[in-house]
Amino acid sequence: MGSDKHSAGLLPTLRMERVRTILTHTYPYPHEHSRHAIIAVVVGCLFFISSDNMHTLIEKLDKNIKWWSMYACLLGFFYFFSSPFIGKTIKPSYSNFSRWYIAWILVAALYHLPSFQSMGLDMRMNLSLFLSIYISSILFLIVFHIIFLGLWYLGLVSRVAGRRPAILTILQNCAVISIACCVFYSHCGNRAMLRDRPFERKTSNWFSFWKKEERNTWLAKFVRMSELKNQVCSSWFAPVGLASDYPLLSKWVIYGELACNGSCPGSSDEISPIFSLWATFIGLYMANYVVERSTGWALTHPLSVEEYENLKKNQMKPDFLDMVPWYSGTSADLFKTAFDLLVSVTLFVGRFDMRMMQAAMSRVHEGAQQDDLFYDHLSEKEDLWFDFMADTGDGGNSSYTVARLLAQPSIQLSKEDSVLTLPRGDLLLVGGDLAYPNPSGFTYERRLFSPFEYALQPPTWYKHEHIAVNKPELPEGISQLNEYDGPQCFLIPGNHDWFDGLNTFMRYICHKSWLGGWFMPQKKSYFALHLPKRWWVFGLDLSLHNDIDVYQFKFFSELVKNKVGENDTVIVMTHEPQWLLDWYWNENSGRNVSHLICDYLKGRCKLRIAGDMHHYMRHSCVPSEGPVHVHHLLVNGCGGAFLHPTHVFSSFNKFYGKTYECKASYPSFHDSNRIALGNILKFRKKNWQFDFFGGVIYFILVFSMFPQCKLDHILQGDSFSGHLGSFFGTVWDNFVYVLGHSFVSLTGVVLLLIMAIAFVPSKVSRKKRAIIGIIHVSAHLAAALILMLLMELGLETCIRHKLLATSGYHSLYQWYRSVESEHFPDPSGLRARMEQWTFGLYPACIKYLMSAFDVPEVMAVTRSNICKNGIQALSRGGAVIYYASIFLYFWVFSTPVVSLVFGSYLYICINWFHLHFDEAFSSLRIANYKSFTRFHINRDGDLEVFTLAVDKVRNLE
């Protein structure tokens, strides 16, 4: 046996050839106007914010520490909730939903708090103004697009303009317009021209500060940013004029708020600058759209060479799937996996076995004469290079990385002062688990075949939909299998391939001829290969029994008797490394396999190879007296799936009564131990879809605790330690109340305890499982109670300072209508006409949209009613509204904490007790640390072993 050679950083040395041509769109035109508008709005915001003198801003800050503490907690929880989605592409997914969700309830919370208003920013006015402008803009642009499309159908607009506008583009543009108007209003207001201001203002030069003689004045104004802001507001964005100057528009505009020195009799006749700005943006959008669509420029205008190359490069990237989210609460694939596993265990295990069907079809009783199971076409070669990998078909990037290395014509490795060249293997052995999480046409095609086809393309004449009826279907001009000199592939199924009873494996492996550029001659799920120099490979199918069936045993036992010589050497390939798993679980599985190796092969099994464990470990037998049934044990399941730990199995040393020592492990025991720390730091970032279950569970745990009406003893403490003691005393009282008096919360605790105990691996005694489960659930319950009490304290503080529970439902809309006439005069009755024309929908839409931002007010009003009159006074509908509003915020607060607690549990279990080796590393979804093993049977009949590893997988997406 040769030594293992790990090559870190090998992948970047290879030329990543483009292997597939993807045609780009004929007219690649990206719509950039919204992005430019957003940049302009952001620049404007920064300018206006910087216009306030910093000293004045500091003086305006509220010095009350309780509010800033509340801000810190609120923004901290919202940040930790949204942190996994920062930098991710916005698309219709849970990630995109969470962005909008967090923006909604964060704004709804902030506009009720006082300190923003003390800094000169009226969140309530800006929010209500944004919603009004946003709804109006959407309605206006929808009407415009309907009219435009109508003109197109009538033939009054160029036919190249027939492409319909994207709804998301309209919404995005409306949001940009609304934000721009709100920013302008926050810093410039809606003031009309001062009545006593001289007429010369209109005729003055707006850019007078650029004159040479006034340059010093401009510099002075630049230093005094507030004066510059006033000049910008009064000159650059001044009202366009009096409504009487535009008779046709006088009844269709909103007027500015009258501002003058002294008393101002009468009302303003000047058009609102906010309305002017909104009309300008809407007009620019309409003009831009009409010009582009009428001339066809939007459909035919080419990109620059650099932009076109970048776009083409992005489109050439493989469309690989990401690693499977094993802790996703919303993944349909995982629910299907659980269902398939349930059906397979209850139906196929012990009742119907596809291996028995294969035996019946192949007439296995004829033994070693069966061509369906026995292949000797490689036995006459002088030497042979062949590869072994397992557990591919998870992340596309990691699977492609390994497949691309396998496909290289040769790999050169530096060995001391020489260069070692390893040619591509003539044979590829794959050790099962071909696609995750369940076998289906989609997962096999996207997670298995796609990476291999990008790595090495199949023949040009091959069709993916082709079904191989009479295998092997050799290429044209080749009559026998031993004449084919290209790479070949033989595969065995793993436990994941058996979840559907081996149906997908039979369709895609046994009835197709090509895995990328590798030819697949095999017909059944198990096989025997006769290799050069009297070497053999037995590929066993363990199914879900972790053992071979009687017909499979009969085939291999008769093959040993009739074909395998006394001095021959056998490599036994299985999916699971029974030597590691039996030691870990303290079991004795695979009795038929053991019987075959110990009583039939009798020392001729020099090497056992397996996957299933997604790491690399090699053990060798320590020389001793007595027969050795297996000399070397090799596990390499680093073909593309998530990483498994090695330090958990560091104490393994016994198999078949012999002592073994670990010769190599990848990653090392130290690195494996260190990687497990990621469960504390990265669990939620890697498993943000776990939010669905985590937030719901925490809410159920504290459902009976809402509301907390008696919190005076916490808020009236004299010292910080007194506050803290009262706080945790209240947490303990609620803990006891949950266990002694509640119904809903206690039910949630009991169900969670049952799941927690069942989640503990069965290798632990029942007593220890119960203890671990109780500690685990207690940590979750304590965290949920602390979050509940913090949330109730925040509400109580706001109620006591009359920030909440003062206006009832629809408080934002009622407040806005009270100030609307003052700041946005409407002497012409435009709003009344719009309400009449829309049959009341215009104010109703805005009213109920604004009510979505009154969630904190709803919570506070209902909470006060419950504390005053009892829960019995609340109607069923009112109770639903109250608990739903509580859940909206509590879900955000709880999801980062439940992930932290659960991730800490996994870290403690994996590193302290060596439990949950599968659960603790599947949560990390690590695509790195990938490898495969290359074997060489040389001309002397010796077997050389090289393990090639990649520390860092490159992201190709």
Inset, instruction - Let me see the working for Asp691 and Arg684 under salt bridge (Lys or Arg N to Asp or Glu O under 4.0 Å), right down to the final yes or no. - result: CA-CA 8 Å; Asp691 290 353; Arg684 185 163 183 272; 2.7 Å; yes
Legend entry - salt bridge (Lys or Arg N to Asp or Glu O under 4.0 Å) between Arg925 and Asp322, worked out: CA-CA 9 Å; Arg925 302 167 64 189; Asp322 199 2; 3.5 Å; yes
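Aromatic pair Tyr929/Tyr666: centroids less than 6.0 angstrom apart. Checked against the 6.0 Å centroid threshold, Phe917 and Phe921 do not count as a close aromatic pair. With ring centers used as reference points, Tyr600 lies under 6.0 Å from Phe553. For Phe683 and Phe690, the gap between ring centers is short of 6.0 Å.
Separating the CD1 atom in Ile509 from the CD1 atom in Ile492 is a distance of 12.0 Å, to the nearest 0.5 Å. From Asn397, atom CG reaches atom CG of Asn928 across 10.5 Å, with rounding to the nearest 0.5 Å. In this structure, Leu491 CG and Ser525 OG are separated by 11.0 Å, a value rounded to the nearest 0.5 Å. Taking NE2 of His644 as the reference point, atom CG of Leu924 lies at 10.5 Å (rounded to 0.5 Å). Distance check, rounded to the nearest 0.5 Å: NE2 of His595 to CG of Asp547 gives 11.0 Å. To the nearest 0.5 Å, atoms CG (Leu434) and CG (Asp394) are separated by 12.5 Å.
Applying the side-chain hydrogen bond (donor to acceptor under 3.5 Å, both in side chains) rule to Asn636 yields the partners Ser931, Thr933; only residues at least two apart in sequence or on another chain are considered. Residues that satisfy the side-chain hydrogen bond (donor to acceptor under 3.5 Å, both in side chains) test with His629, not counting sequence neighbours, are absent from this structure.
Side-chain atoms of Asn546 and Ser589 form no donor-acceptor pair, as typed in the model, at a separation below 3.5 Å. Residues Asn679 and Tyr905 bring no donor and acceptor atom of their side chains to less than 3.5 Å of each other. Glu919 and Tyr327 share no donor-acceptor pair across their side chains, judged by distance under 3.5 Å alone. For the 3.5 Å distance criterion, the side chains of Asp500 and Asn438 fail to qualify, holding no donor opposite an acceptor.
Phe735 and Trp732 have parallel rings, their planes meeting at less than 30° on a 0 to 90° scale where 60° marks the start of perpendicular. Ring geometry for Phe499 against His496 counts as tilted: the plane angle lies between 30° and 60°, on a 0 to 90° scale. In this pair, Phe642 and His614 present their aromatic rings perpendicular. The plane angle is above 60°, beyond the 30 to 60° band.
When all heavy atoms are compared, the tightest approach of Leu542 to Glu576 is CD1-N, 4.2 Å. Here the closest heavy-atom approach between residue Met323 and residue Ser398 is recorded as SD-OG, 3.9 Å. In this structure, Tyr436 and Thr443 approach most closely via the heavy-atom pair O-CG2, 3.7 Å.
Between His647 and the choices His615, His670, His914, the ring-ring contact (aromatic ring centres under 6.0 Å, His included) rule is met once, by His914.
Pairs passing the salt bridge (Lys or Arg N to Asp or Glu O under 4.0 Å) check and including a residue from residues 754-770, sequence neighbours excluded, do not occur.
Distance alone, capped at 3.5 Å, places no donor-acceptor pair between the Asp391 side chain and the Met613 backbone. Counting only distance, with no hydrogens or angles, the side chain of Thr392 and the backbone of Ser399 share no donor-acceptor pair below 3.5 Å. Checked by atom type and distance alone, the side chain of Arg447 never pairs as donor or acceptor with a backbone atom of Leu321 at under 3.5 Å. Between the side chain of Asp433 and the main chain of Asn495, a donor-acceptor pair closer than 3.5 Å is present.
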